[in-house]
Amino acid sequence: MTPTNNAWSKSSWKEFTALQQPLWPEQTEVDRVLADLSQLPPLVFAGEIRALKSLLAKAVRGDAFLLQGGDCSEDFSKITAPKIRETLKVLLQMAIILTYAGGKPVIKVGRIAGQFAKPRSSNTETVNGIEIPSYRGDMVNRPEPIEAARIPNPKYMMKGYNMAASTLNLLRAFTKGGFATLQRVHSWNQEFVIQSPMGRSYERLAKQIEQAIKFMETIGIPTDNPQITQTELFTSHEALLLEYEEALTRVDSTSNGWYDCSAHMLWIGERTRQVDGAHVEFLRGVLNPIGVKIGPTYDLDDVKRLIDVLNPDNEAGRITLITRLGMKKIDKVLPPLLRGMKKEGFNIVWSCDPMHANTYTAESGHKTRNFNDILSEITCFFETHWSEGTIPGGVHFEMTGENVTECTGGARNIIDEELHHNYLTTCDPRLNAEQSLEVAFQIADMIRS
Ligand code: PEP
Ligand code: CO
């Protein structure tokens, strides 16, 4: 059976092979949690999902730019007001930098409020000679490297829902309640960044924006409108845990369509995007914008089939292809992909994830990524699109507002030996606030020229 010749329902994915699912110790509790989840209110509203899709349709044409970013894996113990605020601040700063340089709206999508489930390359890992189950994200088990912490617990799905709801509640308050007003553009700069070269570049930009607003006020253009005083941040996560996603999938009473109301945008990972797999079957039936990760070993016909299944009407804004090819391979493997998709006439938002194929293990044993590698993948992404006549529509980062030392390089040139100073991620290494600003300024230079 392939996912096109059967009738879709929110549970039809169960007829297909679902990779990367937790091995729950027993089913009764899982079923109880899922039944409870399916009665709880949706986290997002279908109208918001449609609004995001029409913004993404603009990014297909090059009239908007997608900025997607946040934790690799959100950590329940870090869901506090200051941490949510700091991540939001950096996303707002990056968006301002890119809007100012690119002269087009930036669509802000967080890897936030639900990024709690992780695919892993192996079911187990060996810690101090003992084999224990792999950590699969806070919605499944705990990261501590001991057997007891790694036993999947279905109650964590309920906790994930509640954590997503409280994160989203605060994000909505910050984005609509005055915190994100352009009049406060200076205040998004963070204490520990202000004195750095990136912080100073940001201050200069903030000053220009402040002057522009003052000028508008002087000549009598009102600045107390939502375009100035509010912003919009959409949520996204990898749709990995299909039981959870199914429980949050609802019919929209205004349009009668099915929406996965766990987040505005969902993506399918590199490891679960089999055309005849359960993840593709599930996502083909919900109307959310869908991201698809594409790694360097993709098969062109396979990608075409995937798009046909997920977007049979070629609706613009439905599909974002997030290429994560690696700085060593991108110049060879991106051009044939772009040509192949262009030939089919597919409407695609092309986004660059310069993180996932540039990971290496430092001598200290820390999983890391180097700032220059990240930058070279981004540079090659833009240049390839320009030379192929396709549109570089967005970027996708693992990043945080915290002052972590997880990726090497950047203006402060973090070296391998310094990674242990503040290495906090439970999964992949993230850009810190300063490195995130730096990458935004670098992209700004590219899109301005
Ligand atoms: C991720 O985005 O955290 C991830 C696991 O990515 P990928 O599926 O591209 O490896
Ligand atoms: Co990751």
Side-chain angles (χ1 to χ4, degrees), residues 18-22 66-75 78 87 109-123 125 134-140 143 160 235-242 245 263 265-274 277-280 283 289-298 302-303 306 310 319-327 329-330 333-334 337 349-361 366-370 373-374 377-378 381 394-400 404 406-407 423-432 435-436:
L19 299 180
Q20 299 283 347
Q21 302 306 290
L66 168 66
L67 169 65
Q68 190 174 14
D71 288 326
C72 176
S73 180
E74 283 176 278
D75 179 340
K78 301 264 173 57
T87 296
V109 180
R111 287 177 65 115
I112 200 164
Q115 176 51 21
F116 296 123
K118 297 308 300 172
R120 301 318 298 251
S121 43
S122 164
N123 270 333
E125 67 174 316
S134 297
Y135 169 60
R136 289 190 169 273
D138 275 18
M139 209 146 73
V140 177
T235 60
S236 70
H237 61 257
E238 177 170 351
L240 186 73
L241 231 60
L242 292 174
E245 301 302 336
M265 178 175 181
L266 298 154
W267 77 85
I268 322 185
E270 168 72 353
R271 293 168 190 79
T272 52
R273 61 171 176 77
Q274 300 73 24
H279 291 81
V280 171
L283 285 166
I290 303 296
V292 183
K293 293 288 200 91
I294 305 286
T297 57
Y298 71 83
D302 209 45
V303 182
L306 252 177
L310 290 170
I319 298 286
T320 300
L321 287 190
I322 308 166
T323 58
R324 26 88 85 224
L325 304 170
M327 60 97 185
K329 295 192 177 148
I330 179 166
V333 295
L334 185 57
L337 180 64
V349 178
W350 288 103
S351 179
C352 172
D353 164 0
M355 314 297 292
H356 282 90
N358 291 314
T359 316
Y360 68 95
T361 305
H366 292 93
K367 209 173 170 194
T368 188
R369 292 154 175 162
N370 177 263
D373 294 349
I374 291 168
E377 179 155 354
I378 297 172
F381 172 82
V395 280
H396 182 119
F397 294 110
E398 288 186 340
M399 45 161 286
T400 173
V404 298
E406 296 171 5
C407 291
Y423 193 95
L424 302 179
T425 184
T426 50
C427 200
D428 289 341
R430 303 160 295 176
L431 296 171
N432 62 28
Q435 290 168 326
S436 302

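Keep in mind that this is a model prediction, so the values were computed, not measured. Every number for a ligand or one of its atoms is a count from 1 in the order of the listing.
At a 4.0 Å heavy-atom cut-off, ligand 1 does not touch Cys427 at all.
With hydrogens and angles left out, the side-chain atoms of His237 and Glu245 include a donor and acceptor closer than 3.5 Å. Judged by distance alone, the side chains of Arg430 and Gln435 never bring a donor and an acceptor atom under 3.5 Å apart. Under 3.5 Å, the side chains of Glu377 and Asn358 contain a donor-acceptor pair of N or O atoms.
Distance check for Cys72 against the Co ion (ligand 2): an N/O/S atom falls below 2.8 Å.
The protein atom (non-hydrogen) at minimum distance from atom 3 (O) of ligand 1 is Lys118 NZ, 2.7 Å. Regarding atom 4 (C) of ligand 1, its nearest protein heavy-atom neighbour is His356 NE2, 3.4 Å. For atom 8 (O) of ligand 1, the closest heavy atom belonging to the protein is Glu270 N, 2.9 Å. Of the protein's non-hydrogen atoms, the one nearest atom 6 (O) of ligand 1 is Lys293 NZ, 2.9 Å.
Within ligand 1, counting atoms from 1 as listed, the ones closer than 4.0 Å to a heavy atom of Gly269 are 8 (O). Atoms of ligand 1 found under 4.0 Å from any heavy atom of Arg324, numbered from 1 in the order shown, are 7 (P), 9 (O), 10 (O). Each of the atoms 3 (O) of ligand 1 lies under 4.0 Å from some heavy atom of Cys72. Within ligand 1, the atoms closer than 4.0 Å to a non-hydrogen atom of Glu398 are 1 (C), 2 (O), 3 (O), numbered from 1 in the order shown. Contact atoms of ligand 1 toward Arg111: 1 (C), 2 (O), 3 (O) (distance under 4.0 Å to a heavy atom of the residue). Listed by number with element, the atoms of ligand 1 under 4.0 Å from a non-hydrogen atom of Pro119 are 5 (C).
As for Glu398, its N/O/S atom nearest the Co ion (ligand 2) is the one called OE2. Closest to the Co ion (ligand 2) among the N, O or S atoms of Asp428 is OD2.
Under a 3.5 Å cut-off, the side chain of Glu406 and the backbone N or O of Asn432 do not form any donor-acceptor pair. Judged purely by atom type and a 3.5 angstrom limit, Arg273 uses its side chain to pair as donor or acceptor with the backbone of Lys293.
The salt bridge (Lys or Arg N to Asp or Glu O under 4.0 Å) test with Glu398 is passed by exactly one of Lys367, Arg369, Arg324: Arg369. Screening Gln68, His396, Glu74 for a side chain to side chain donor-acceptor pair (under 3.5 Å) with Arg111, the sole residue that qualifies is His396.
At least one N or O atom of Arg271 sits closer than 3.5 Å to an N or O atom of ligand 1.
Within the 4.5 Å cutoff, side-chain heavy atoms of Phe381 are placed close to those of Leu334.
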